[in-house]
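Comments concern the structure below.
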Amino acid sequence: MFNAFLSRLTQPQPDPLTDDDARLALAALLVRLARSDDDYADTEMSRIDKVLAERYGLSPFEAAGLRAQAEDLEAEAPDTVRFTRAIKDAVPYDHRLGVVQALWSVALADGQRSQDEDSLLRLVVSLLGVSDVDSALARQKVAKS
């Protein structure tokens, strides 16, 4: 099902993502982060659903469906670099800040900061072209809410 999507992502010069593909790529990135510490908790799944519902105006049912698709895609996807490249190419900087904030909200959803999640977040933030300062500000916003 995702072969065409993954094929487009792995091209040397991929075409910009459609809105639906960008949603799926972001959702898969959120899932990858949540799974990175080998503890994909219900709180993280709920947070992903909430992020997707708020960001894209989805019903809870639609958000859970998108997350389920993203879980399948994430399991098949070869690496994080392609997700981030696709998101970076498809999303303006100010919206990528929202992506980073969403990533932090998932990483902090279970009340723990694992070293695996921190490492992946640092990599993703860099690949998205978001500054460390902006990432820290995004993390602080999430921590305050």
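These figures come from a predicted structure and were not determined experimentally.
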S119 side-chain N/O to Q115 backbone N/O, donor-acceptor pair under 3.5 Å | yes
Contact summary for A28 and A70, nearest pair of heavy atoms | N-CB, 3.5 Å
Cluster overlap L137 with V51, hydrophobic side-chain contacts below 4.5 Å = no
With the side chain counted from C-beta on, respond yes when R32 and V124 share a heavy-atom pair under 4.5 Å apart, and no when they do not.
-> no
dist I48:CD1 -> S105:OG (nearest 0.5 Å) comes out at 8.5 Å
Rounded to the nearest 0.5 Å, what separation is found between the CG atom of L26 and the CG atom of L103?
-> 7.0 Å
R67 and V31, any side-chain heavy atoms less than 4.5 Å apart | yes
State the CZ-CG distance between R35 and L30, to the nearest 0.5 angstrom.
-> 12.0 Å
side-chain contact (heavy atoms from CB on, under 4.5 Å), paired with L128, selected from T84, D134, L123 | T84
To the nearest 0.5 Å, what is the distance between CG (L33) and CZ (R47)?
-> 12.0 Å
Could you grab the distance from atom CG of L52 to atom CD of E62, nearest 0.5 Å is fine?
-> 11.0 Å
State whether a side-chain donor-acceptor pair under 3.5 Å links E71 with Y40.
-> yes
Is there a side-chain contact between L127 and K88, using heavy atoms and a 4.5 Å cut-off?
-> no
Are side-chain heavy atoms of R55 and H95 found at a separation under 4.5 Å?
-> yes
Taken to the nearest 0.5 Å, the spacing of D110 CG from D42 CG works out to 11.0 Å
